[in-house]
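What follows is a short report on a single structure.
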Amino acid sequence: MKEKELRRSLAVFSIGTVMKLTDLSARQVRYYEERDLITPQRTDTNRRMYSLNDVDRLLDIKDYIAEGWTVQAIYNHYKKPKEEHEHKPLTDDDVRRILYNEILNQGGFVQPDESGYSGQHH
DNA sequence: TTTCTCACA
DNA sequence: TGTGAGCA
């Protein structure tokens, strides 16, 4: 049943609608796009169009920001784990790795782990 | 009217 | 991040 997923990915909201739905400023929404936290589509006239998934993610991002997360940390949060967040089985090592990474980036002293994390950290 | 990009008394 | 300019 992949139809739902498809519909959730349909870009149907204008930035104005997204602003109301997320209570974020257009500036913020565009900024998060610039940081690759979301990737809305564009119309033939260069207008941004957001999907249900985009709005959903924006809502999450809003919470993370409120909790003090760095855009960089959030970026890695979405980039790294394939099994995403909550409800999925993660091994202890996965959790430790993800946490380690996010905590480091949180401080802003480390570059976003692009090496993909080759080694172990204890 | 709304959104876009760019730039900052 | 906000805000205003000048377009589309």
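Quick caveat: nothing in here was measured; it's all calculated off a predicted structure. Just so we're on the same page: letters track the sequence lines, and every chain starts at 1.
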What string of B, S and - do you get for nucleotides 2-8 of chain B 5' to 3' if you count protein non-hydrogen atoms under 4.0 Å? BBSB---
Could you let me know what [N] is paired to, Watson-Crick or G-U wobble, both distances under 3.5 Å, or none if it's on its own?
{"N": "B:dT3", "answer": "none"}
{"N": "C:dC7", "answer": "none"}
{"N": "B:dA9", "answer": "none"}

In terms of hydrophobic clustering (I, L, V, M, F, W, Y; side-chain heavy atoms under 4.5 Å; direct or indirect links), are A:Y31 and A:M49 co-clustered? no
Quick one: does A:K62's side chain get under 4.5 Å of A:Q28's, heavy atoms only?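 A side-chain contact under 4.5 Å is absent here.
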With a 3.5 Å distance limit and no angle check, can you tell me whether A:T43 reaches the backbone of A:T45 through a side-chain donor-acceptor pair? yes
Parallel, tilted or perpendicular, as decided by the 30° and 60° cut-offs, for the rings of A:H77 and A:W69: perpendicular
If the test is side-chain contact (heavy atoms from CB on, under 4.5 Å), which one of A:D56, A:T22, A:L37, A:V71 qualifies with A:I61? A:L37
